[in-house]
Amino acid sequence: MSVRAIVGAQWGDEGKGRIVDYLAQKAEVVIRYQGGDNAGHTVINDKGKFALHMIPSGIFNPATTCLVGAGTVVNFDTMEQELASIAKAGVTGENLFIDWRAHLILPFHCLLDGAEEASKKSGWAVGTTKRGVGPCYADKAARVGIRAADILDPERLKVRLEMLLPQKNEQLRHYNLPEVTVEELMNKCATWRDKFGSKIIDTLPILRDAVKGGKEVLLEGQLGIMRDLDWGIYPYTTSSNPTAGGACSGAGLSPRYIDSIVGVVKAYSTSVGGGPFPTELEDEVGEKLRSIGGEFGATTGRPRRCGWFDGVAAAFSCWINGFTSIAITKLDVLDEFETIKICVAYELDGEITTNLPDTAGQERVRPIYEEMEGWMESTKEARTWEELPPKAQAYVKRLEELTGAPIGFVSVGPEREQIIIMEE
Ligand code: GDP
C-alpha cells in the first residue's frame with residue numbers, strides 16, 4: 001500500500017494530525033490537499049507539542065517531503081510564524097514546499113471574512129476563524145485570485161492586482177474597512193517572495209515520481225466531511241472539499257492511484273462553529289466530554305460542542321469517502337463513563353431514518369440512541385486489541401459496524417505510542 005488519504009470523517013478535529021504524524025514516520029511524501037490555516041492539527045511527539053495549521057504533519061520527519069498542495073490557500077505570514085514555532089524545537093522546515101497553483105490569502109481576505117460573518121443574521125454565522133479562507137476561495141472560484149506563482153512574477157502580479165483591487169476596495173468600503181493599494185500588496189508579496197520564493201514550486205513531479213516509484217505517500221486532509229462545501233452542512237461549511245475526492249483534485253493525482261483511505265473518527269462527536277449537530281449534549285455529560293477530551297480549538301481556543309458518536313453521519317461519511325479503514329481516536333476519553341450512547345438513527349418529522357437529511361432536516365432531527373455499558377477502566381496503556389477491556393472492544397466493534405469500514409487504528413492517548421495498530 002503506497003498512497004494513503006487521511007480524511008476527517010466527522011465535523012473536523014478528529015485527531016487527523018496525530019494519525020498523520022504516526023504514519024508520516026514512514027512516508028516519503030506528505031501533501032496537504034485543501035484548506036488554509038483555519039483549522040489546527042495538534043501533534044505530540046518526541047520533539048514536543050505543536051499546533052500545526054498549514055504545514056503538513058509530516059514536517060517532523062526530515063526525510064519526508066512536505067507539500068502544500070494546489071488545492072490549498074496559503075497565508076505566508078502565518079506560515080512564517082508556524083515555521084518559527086517548530087524551529088524552536090530544531091525542526092528546520094527545509095523539507096517544505098508549496099505548489100505554485102495554491103492561492104494566496106491576502107490581508108484584505110481576513111478583514112472581509114470577519115465583516116461578512118458579522119453581517120449575517122442571528123443564527124446564520126458559519127463560525128469562521130476569520131483567517132480569510134472563505135473570501136480567498138471565493139476569489140479563486142471567481143477567477144480573480146492571486147496564486148503563489150504570481151508572486152514569482154512581479155509584472156504579472158501587478159496586472160492581476162490592478163484588476164482585482166477595484167472590486168475588493170468596493171467591498172472594503174461597503175464594510176467601512178480600510179482600502180488597499182496595489183503598491184502595498186506588491187510590497188507584501190515582495191517580502192513573501194524573499195522568504196518563500198525558493199519553496200514555491202510545481203509539486204506535481206515530486207508527487208508523480210513518488211507515486212510511480214511505489215513510495216509511501218500520505219494525502220492529508222483538513223476539517224471533516226460534515227464541513228465539506230458540497231456534502232457538509234451548507235452553509236455552515238468550509239469553502240473546499242476535505243473528502244477523499246478532494247484529495248485527488250487538491251493534491252494532483254487520479255483516484256486510481258489511491259490505495260487506501262483512512263477515515264479518522266473520534267470515539268464521540270465534536271463540532272466547532274455553527275450549524276446542526278444532532279447529538280450535541282448541552283449538559284454535564286457534554287461538559288465532561290469537553291473537559292476530559294480537552295475539546296478546545298487548536299487555532300482559536302474556542303470550546304468545542306460535544307456529543308455522542310453519530311452513526312448516521314459516520315455511515316454517510318464512509319460512503320462519500322470510501323474508507324478502506326477507520327482510525328478511532330480518543331477512546332480513552334470515554335474511560336470514565338458508566339453508560340455510553342451511540343446514535344444509530346434519526347427521527348425526522350415522525351419517521352425513523354438512517355439517511356442523512358439536508359441541513360434544515362438535520363436541524364430538526366432527534367437522535368435515536370442505543371446504550372452500551374462503559375468499561376470504567378483505563379485504556380491508555382493498551383497497545384494491542386487484546387489489552388482493551390472487552391466492553392471497550394464491544395464499543396469499538398459497534399462503531400465499526402455502524403460506519404461500515406474495518407478498524408485500522410485505535411488511539412488511546414495523544415502520545416505517538418498510544419495507538420493500537422489493527423491493520424498490519
Ligand atoms: P485534528 O485537526 O483532526 O488533527 O484534531 P485536533 O488536533 O484538533 O484534535 C485532536 C486533539 O486530541 C489533540 O489535542 C491531540 O493531541 C489529541 N488526541 C489525539 N488522539 C488522542 C487520543 O487518542 N486520546 C486523547 N486523549 N487525545 C488525543
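Every value quoted in this text rests on a predicted model; they were computed, and no experiment measured them. No hydrogens, no waters, no symmetry mates; every other heavy atom, side chains included, goes into these values. One-based numbering, in listed order, for ligands and for the atoms of each.
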Inset, instruction - Before signing off on this row, confirm whether D13 and ligand 1 have an N or O atom pair separated by under 3.5 Å. - result: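 Yes, there is a polar N/O contact under 3.5 Å.
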Inset, instruction - Please confirm whether V333 comes within less than 3.5 Å of ligand 1 when only nitrogen or oxygen atoms on both sides are compared. - result: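 No, there is no polar N/O contact under 3.5 Å.
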Inset, instruction - Could you tell me whether the side chain of V410 reaches within less than 4.5 Å of the side chain of T379, counting heavy atoms only? - result: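 Result no, sub-4.5 Å side-chain heavy-atom pair not found.
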Under 4.0 Å from a heavy atom of [X]: which atoms of ligand 1 are those, numbered in the order shown and with their elements?
{"X": "S411", "value": "20 (N), 21 (C), 22 (C), 23 (O)"}
{"X": "I44", "value": "16 (O)"}
{"X": "R18", "value": "19 (C), 20 (N)"}

Inset, instruction - From the options Q222, E220, K330, select the one whose nearest heavy atom is closest to atom 17 (C) of ligand 1. - result: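 Result: the heavy atom closest to atom 17 (C) of ligand 1 is in K330.
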Inset, instruction - Determine, considering heavy atoms only, which of D332, D21, L331, D335 sits nearest to atom 25 (C) of ligand 1. - result: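 Result: the heavy atom closest to atom 25 (C) of ligand 1 is in D332.
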Legend entry - Side-chain donor-acceptor contact under 3.5 Å, Q10 with Y268: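 The answer is no; no qualifying pair exists.
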Legend entry - Counterpart residues, salt bridge (charged side-chain N to carboxylate O under 4.0 Å, His left out), relative to E287 (two or more places apart):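 With sequence neighbours excluded, E287 shows a salt bridge (charged side-chain N to carboxylate O under 4.0 Å, His left out) to R290, given in chain and number order.
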Legend entry - Residues forming a salt bridge (charged side-chain N to carboxylate O under 4.0 Å, His left out) with D332, sequence neighbours excluded: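 Listed in chain order: nothing, the list is empty.
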Inset, instruction - Using the six-membered ring of F60, assess whether NZ or CZ of K47 lies under 6.0 Å from its centre and within 45 degrees of the ring axis. - result: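 Negative - K47 is either too far from the ring of F60 or too far off its axis.
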Inset, instruction - Under 4.0 Å, heavy atoms only, figure out whether ligand 1 is touched by the backbone of R304, its side chain, both or neither. - result: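 Side chain only.
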Legend entry - Geometric class of the W11/F277 ring pair [parallel <30°, tilted 30-60°, perpendicular >60°]: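 F277 and W11: perpendicular rings.
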Inset, instruction - Tell me, please: is G294 in heavy-atom contact with ligand 1, that is, under 4.0 Å? - result: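 No heavy atom of G294 comes that close to ligand 1.
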Inset, instruction - Hey, could you give me the OG/CD distance between S57 and E220, rounded to the nearest 0.5 Å? - result: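 That separation rounds to 3.5 Å.
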